[in-house]
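Ligands are counted one by one from 1 in listed order, and the atoms in each one are counted from 1 as well. Along the sequence shown, residues carry numbers from 1. Model, not experiment: these values are computed from the prediction.
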Amino acid sequence: MGFESLQVHNQLKSLAAYGGKAFNILKTTQMLNFVLFGPPGAGKGTQSEKLIALYQLQHISTGDIFRAHIKNQTPLGQKVSSLIAEGQLVPDEITIAMLEEEVDRNPDAKGFIFDGFPRTVAQAAALDEFLASKGTAIAAVIALDVDQDELTKRIAERQKLTNRVDDQADKLQKRIEEYFSKTIHVLPYYEAQHKLSKVNGIGNIDDIFAELCKVVDQF
Ligand code: ADP
């Protein structure tokens, strides 16, 4: 190798090393945000709890926040209670504003697990824009894959344990319809960004969790 090309070679090497370091610094200081995605009864709540315990991420479940508002009879709760009881989606505008407020309430979070959000393509686009304004992004979307028969069985079981009004058969039917008409389009949205990972959501809770961890551990 001639002197000049050796110089170029060394410059490139140091540039690569510097680039690597810069990348690591960025990686360790960046927030890690995941979306846990799936139809009603897919196990998002159960798996979110396990994920936040292990990775110390902040859990944001829009369903839980809405239910807290309803329980506390806040103006927002009063506005959305009948929609939720019927199994319909809350309008995007309301949901997005609530979500953004919740993120802003946790400025020190290492990252978030979004559970039950986004449920429409408009929500997904708003989330991307909002996170970008904070210099961060969604790292991955993990979709729990569960077929419809299994979902109906699980919610029938859950109905015996909790008294969610929207777990009644006709309301549940509406929630499943909302999922297949509006929410499912969120999947190709993230697939186009190469961020989608599907995990089989049927089987032992710990085995499913292990599969989720494999995805999270890539980051
Ligand atoms: P599920 O068991 O159906 O996943 P959730 O607890 O996530 O239930 O949500 C319960 C209800 O809250 C939904 O059926 C819907 O009415 C409302 N909701 C929750 N998240 C959203 C959202 N991102 N967009 C619109 N509505 C939402």
(message) Just to check, does Arg67 reach to within less than 4.0 Å of ligand 1 when the distance is taken from its heavy atoms?
(response) yes
(message) Does the residue Glu178 have a heavy-atom contact with ligand 1, meaning some pair of atoms that are separated by less than 4.0 Å?
(response) no
Could you tell me the residue and atom name of the protein heavy atom closest to [atom], and the distance to it rounded to 0.1 Å?
atom	result
atom 27 (C) of ligand 1	Phe66 CE1, 3.7 Å
atom 12 (O) of ligand 1	Ile84 CD1, 3.8 Å
atom 24 (N) of ligand 1	Gln123 NE2, 2.9 Å
atom 26 (N) of ligand 1	Val90 N, 3.0 Å
atom 8 (O) of ligand 1	Arg164 NH2, 3.2 Å
atom 20 (N) of ligand 1	Thr62 OG1, 2.8 Å
atom 3 (O) of ligand 1	Arg175 NH2, 3.0 Å

(message) Whether the Tyr55 and Asp217 side chains hold a donor-acceptor pair (N or O, under 3.5 Å, no angle test) is what I'd like checked.
(response) yes
Whether [Y] and [X] form a salt bridge (side-chain N of Lys/Arg under 4.0 Å from carboxylate O of Asp/Glu) is what I want to check.
X	Y	value
Arg105	Glu101	no
Arg154	Glu157	no
Lys50	Asp206	yes

(request) Would you mind telling me if ligand 1 is within reach of the side chain of Arg158, the backbone, both or neither, using heavy atoms under 4.0 Å? (result) side chain
(request) For ligand 1, find out whether one of its N or O atoms is nearer than 3.5 Å to an N or O atom of Gly116. (result) yes
(message) Please evaluate residues Val215 and Glu211 with respect to the criterion side-chain contact (heavy atoms from CB on, under 4.5 Å), reporting the C-alpha separation (whole Å), side-chain torsions for both, the decisive distance (0.1 Å), and the verdict.
(response) CA-CA 7 Å; Val215 178; Glu211 289 303 308; over 6 Å; no
(message) On a heavy-atom basis, which atom in Ile155 and which in Asp167 lie closest, and how many Å separate them?
(response) CG2-OD1, 3.5 Å
(message) Is the ring pair Phe114/Phe112 parallel, tilted or perpendicular, if the boundaries are 30 and 60 degrees?
(response) parallel
(request) Indicate the ring-plane relationship of Tyr179 and Phe37, choosing parallel, tilted or perpendicular according to the 30° and 60° boundaries. (result) tilted
(request) Take Arg175 and Glu178 through the test salt bridge (Lys or Arg N to Asp or Glu O under 4.0 Å) and record every step on the way to the result. (result) CA-CA 5 Å; Arg175 279 161 56 209; Glu178 292 280 72; over 6 Å; no
(message) Can you check which of Arg119, Lys44, Gln88, Lys174 brings a heavy atom nearest to atom 19 (C) of ligand 1?
(response) Arg119
(request) Give the numbers and elements of all ligand 1 atoms closer than 4.0 Å to a heavy atom of Thr95. (result) 22 (C), 23 (N), 24 (N), 25 (C)
